[in-house]
Amino acid sequence: MKNFFSFHDVENINDLLANALEIKKNPFSQQEIGKNKTVGLLFFNPSLRTRVSSQKAAYNLGANVWVLNAGSDAWTLETEDGVVMNGDTQEHLKDAVRVLAKYCDLLGVRTFPKLQNKEYDYNEVLFHKILSESSVPVVSLETATLHPLQSFADLITVAEHSHFQSERKKVKVVLTWAPHPKKLPQSVPNSFAQWFSNVDWIDLTIVQPKGYELNPEFTQGAAIEYDQDKALEGADFVYAKNWSSYEHYGQILSQDESWTITMEKMKRTNNGKFMHCLPVRRNVIVTDEVLDSDYSLVTSEAENRIYSAQTVFHELLKNS
Ligand code: CP
């Protein structure tokens, strides 16, 4: 692994998962890896879990950490190339990344999409600019189209709550669209689809209203449904998430409340568990009753963000 941007940077997913489960059992056993090393975390957008879990992961490895919020802590960055910088931007992204890479051994970056230009977002222009200027490995802390540390944490959580190894049967995971008042990126569902459709002990079903189909590049191998009740039948895990339309890029096509996950819906499952990456809008995406019940794994997923980050940081720092 040279950088961490997507599932394709993982050589063997079952080995990486096994590493994460081992690290979780004994999180302070590899502090030599981070000795005299620094993890830099650069955020262009807000975060609670990613920011704090990444710091905790670095500390567990014995590394130092700095965090920079590009929008508020530092100069306003220019991201376009070749512009005459006589306006509001004070420093070019190129110069900032070249300098920041001198202050760390691994650079984590979060960049959300603006959801205005599908080609710009899906070419991951900003992330690739950062990658090309950084002299140290770069880890995605969520980019325009993917959120790989979240998907890896979700996979750790499903593995911990599955009996797939003993029963030798596949686990049914359902990714369902749910309503939301704001237009949200497709990064979490794209990434979830990419990871979960590539794991041999998981059967992934994606269910959404018409018009909300994700980019097929990420959903190959998943069953696609439009009837949520039918999709939930027999599910072992229900992952709810809102996303805006990919086809009608960035648009909200529906706010249909009948897609909110309720206890009635969970009863259709195979005593299934509820999952969401957080932050979640209570009683919009999912009811309080489900979130506060034993069905809910949302806090475990957030906890596992430490171990997904720690496993990836470990892979990248051990060779640096
Ligand atoms: N799930 C997640 O990435 O949370 P934050 O946006 O709070 O980091």
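Just so you know, ligand 1 is whichever comes first in the structure, and atom 1 is the first atom listed for that ligand. The structure presented is a predicted model; accordingly, all values stated were derived computationally and were not measured.
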**OP:** May I have all residue pairs that pass ring-ring contact (aromatic ring centres under 6.0 Å, His included) and include part of residues 296-320, sequence neighbours excluded?
**Re:** none
Original post:
Quick one: are the ring centres of Trp66 and Tyr103 less than 6.0 Å apart?
Top reply: no
Original post:
Who are the ring-ring contact (aromatic ring centres under 6.0 Å, His included) partners of Phe218, not counting sequence neighbours?
Top reply: none
Subject >> Matching residue for Thr50 among Gln55, Glu142, Arg305 - test: side-chain hydrogen bond (donor to acceptor under 3.5 Å, both in side chains) >> reply: Arg305
Original post:
In order of chain and number, which residues sit within 4.0 Å of ligand 1 by heavy atom?
Top reply: Ser47, Leu48, Arg49, Thr50, Arg110, His147, Gln150, Cys277, Leu278, Arg305
Original post:
With Lys230, which residues qualify under salt bridge (charged side-chain N to carboxylate O under 4.0 Å, His left out), at least two apart?
Top reply: Glu225
**OP:** In plain terms, say whether Arg282 and Asp288 are close enough for a salt bridge, that is, a side-chain N and a carboxylate O under 4.0 Å apart.
**Re:** yes
